[in-house]
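Everything on this sheet refers to the single structure shown next.
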Amino acid sequence: MPELPEVETVARRIEKDVVGKTIVSADVRWARTLATPSVKKFKEQIKGQKIKAVSRRAKYIHILLENYNLLIHLRMSGDLLLRTGKIKPEKHDRLILDLKMPNSGISQLAFNDTRKFGKVWLTNQPEKFLGKLGPEPLEKDFTPQWLYENLRKRKRQIKPLLLDQTFLAGVGNIYADESLHIAKIHPQALSNVVTLKQAEALHEAIVSVLKEGIRRNGASIDWVYRGGEYQNYFRVYDREDEACMVCGTKIKKIIVGQRGTHFCPKCQKVERK
DNA sequence: CTGGCTCCCTGAATGC
DNA sequence: TGCATTCAGGGAGCCA
């Protein structure tokens, strides 16, 4: 499921091929994919807009246009696909943008999303939707000290807190489980009793796991999101009853904050202080 | 402030 | 074999 590394991979993949092109028309194939504005306004506003840049913020893909910002959230099963020429839509295409260069033919940017959880925003106030997000884990302002202080400020189970996008941006279920295992912290440990040493270990684990995910083009789970390799390197995620790579104990799966959670009961003990 | 629950969806897995 | 049911999962919204 697209988390920071998968979204980064998708953004980098399309960037070269769309920057500089002009959106000549939009085919909205599933109206509820548009968070804002209405289908009618979306089509009017996006028509003729030139694509200036593609970047990522948290799990959003940010496509900068001349007068607007196109924000795309892939949620569970979304993907962006680039096609050359006039090709008929594929199953699960929810939005198709026809792109054109001055001296070349049509190409298409398709938002394909099996489960229809994904959302697209067209806005001139991107900060309205991105402003409440926490820091980027791969940027300079995410430091061990910041993590320590902010974990201590809250009193929550640590895993749901890592998944909270207003706390830290971009971490999802897979990378949270992987990070906590590397840092040897129980997913239900309370954030306010984490030690500086643990926070430092967690910081390093989050950064390394996200970088490794990006290096392997993300993780492909089941039939959702294709092309990544990171699923071959999972330590705990999707490894229930398999041996922990550190101590050999069977990995356990429990529900934490309504999310499937994988951890090693020996390496990741609950802290009681 | 926190946590729990529901909703949005489809396709794979499971049940009979 | 085939039909019906169950379930995962990111994030918003609601409630306690």
Side-chain angles (χ1 to χ4, degrees), chain A residues 1-11 28-36 56-62 71-80 89-95 111-121 123 126 128-134 137 149-179 186-194 210 213 218-226 228 230-231 234 236-241 251-263 270:
Chain A
M1 33 250 54
E3 303 179 26
L4 187 155
E6 291 76 25
V7 178
E8 180 77 21
T9 301
V10 171
V28 181
R29 306 181 61 77
W30 179 254
R32 298 182 65 172
T33 289
L34 295 185
T36 189
R56 178 195 59 74
R57 169 75 172 112
K59 301 177 196 171
Y60 293 81
I61 291 167
H62 185 168
L71 303 176
I72 301 172
H73 199 301
L74 305 175
R75 290 283 183 95
M76 290 297 304
S77 59
D79 199 1
L80 289 180
E90 283 181 23
K91 198 177 180 186
H92 307 316
D93 280 353
R94 308 305 178 196
L95 171 67
F111 175 56
N112 186 283
D113 180 26
T114 305
R115 289 182 182 165
K116 298 180 175 172
F117 283 12
K119 285 276 181 284
V120 172
W121 296 254
T123 177
K128 189 174 160 188
F129 304 99
L130 304 177
K132 285 176 284 184
L133 294 166
E149 286 169 8
N150 285 276
L151 287 172
R152 301 284 302 206
K153 275 183 201 164
R154 311 285 215 103
K155 188 179 180 179
R156 287 182 68 179
Q157 295 184 123
I158 197 157
K159 178 177 170 184
L161 187 52
L162 292 180
L163 295 183
D164 183 339
Q165 300 297 298
T166 65
F167 180 77
L168 183 62
V171 175
N173 209 34
I174 294 172
Y175 295 90
D177 281 2
E178 295 294 305
S179 302
H186 192 287
Q188 291 174 302
L190 287 177
S191 60
N192 64 320
V193 294
V194 158
L210 292 174
S220 310
I221 302 295
D222 301 331
W223 44 275
V224 177
Y225 182 84
R226 297 157 297 275
Y230 189 57
Q231 69 279 8
F234 287 162
V236 286
Y237 187 83
D238 202 25
R239 294 191 66 240
E240 185 181 15
D241 289 335
I251 300 300
K252 273 183 85 170
K253 182 176 182 184
I254 59 174
I255 303 293
V256 179
Q258 290 81 241
R259 293 285 174 259
T261 297
H262 314 74
F263 72 106
V270 193

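All values below were derived from every heavy atom in this structure, side-chain atoms included, with hydrogens, water molecules and symmetry-related copies excluded. Everything numeric here is computed off the predicted structure, so don't read it as measured data.
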Just the rounded figure in Å: distance from [atom2] of [N] to [atom1] of [X].
X: Q165(A); N: dG9(C); atom1: CD; atom2: P; answer: 16 Å
X: I255(A); N: dT6(B); atom1: CD1; atom2: P; answer: 14 Å
X: L133(A); N: dG10(C); atom1: CG; atom2: C1'; answer: 13 Å
X: W30(A); N: dC8(B); atom1: CH2; atom2: C1'; answer: 10 Å
X: D164(A); N: dA12(C); atom1: CG; atom2: P; answer: 9 Å
X: I72(A); N: dG10(C); atom1: CD1; atom2: C1'; answer: 17 Å
X: D177(A); N: dG10(C); atom1: CG; atom2: P; answer: 10 Å
X: K59(A); N: dA12(C); atom1: NZ; atom2: P; answer: 10 Å

Just call it for [X]: base, sugar-phosphate, or nothing, with non-hydrogen atoms closer than 4.0 Å on any strand.
X: D113(A); value: nothing
X: K119(A); value: nothing
X: G257(A); value: nothing
X: K91(A); value: sugar-phosphate
X: R156(A); value: sugar-phosphate

Side-chain N or O of [X] closer than 4.0 Å to phosphate OP1/OP2 of [N]:
X: H92(A); N: dC9(B); value: no
X: K155(A); N: dC1(B); value: no
X: K116(A); N: dT10(B); value: yes
X: Y237(A); N: dG9(C); value: yes
X: R115(A); N: dG10(C); value: no
X: Q258(A); N: dG3(B); value: no
X: H73(A); N: dG10(C); value: no

Between H73(A) and Y60(A), how do the two ring planes meet: parallel, tilted or perpendicular, split at 30° and 60°?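 Correct class here is perpendicular.
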What I'd like to find out is whether the side chain of D177(A) reaches to under 4.5 Å of the side chain of K159(A), using heavy atoms alone. yes
For the side chain of R32(A), starting at C-beta, report the closest nucleotide among dG3(B), dC9(B), dG11(B). dC9(B)
Where each residue is assigned the nucleotide of DNA chain B containing its nearest heavy atom, which of L161(A) and R94(A) is assigned the position nearer the 5′ end?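 Upstream on the strand: L161(A).
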Look at D164(A) together with R156(A) and state whether they make a salt bridge at an N to O cut-off of under 4.0 Å.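 Salt bridge between D164(A) and R156(A), a charged N being under 4.0 Å from a carboxylate O: yes.
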For the CZ atom of R94(A) and the CZ atom of F111(A), what is their distance to the nearest 0.5 Å? 8.5 Å
Assess whether one donor atom and one acceptor atom, taken from the side chain of R259(A) and the base of dG11(C), lie less than 3.5 Å apart.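 For R259(A), whose side chain was compared with the base of dG11(C), there is a donor-acceptor pair (under 3.5 Å).
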Can F117(A) be called stacked on dG11(C) when the rule is centres closer than 5.5 Å and an angle between planes below 30°?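 So F117(A) does not count as stacking on the base.
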Given the rule in the side-chain contact (heavy atoms from CB on, under 4.5 Å) test, do L74(A) and V7(A) qualify, once you have shown the distances and angles that lead to the verdict? CA-CA 8 Å; L74(A) 305 175; V7(A) 178; 4.3 Å; yes
Less than 3.5 Å apart, any donor N or O on the side chain of N112(A) or D79(A) sitting next to an acceptor on the other?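 No, no side-chain donor-acceptor pair sits under 3.5 Å.
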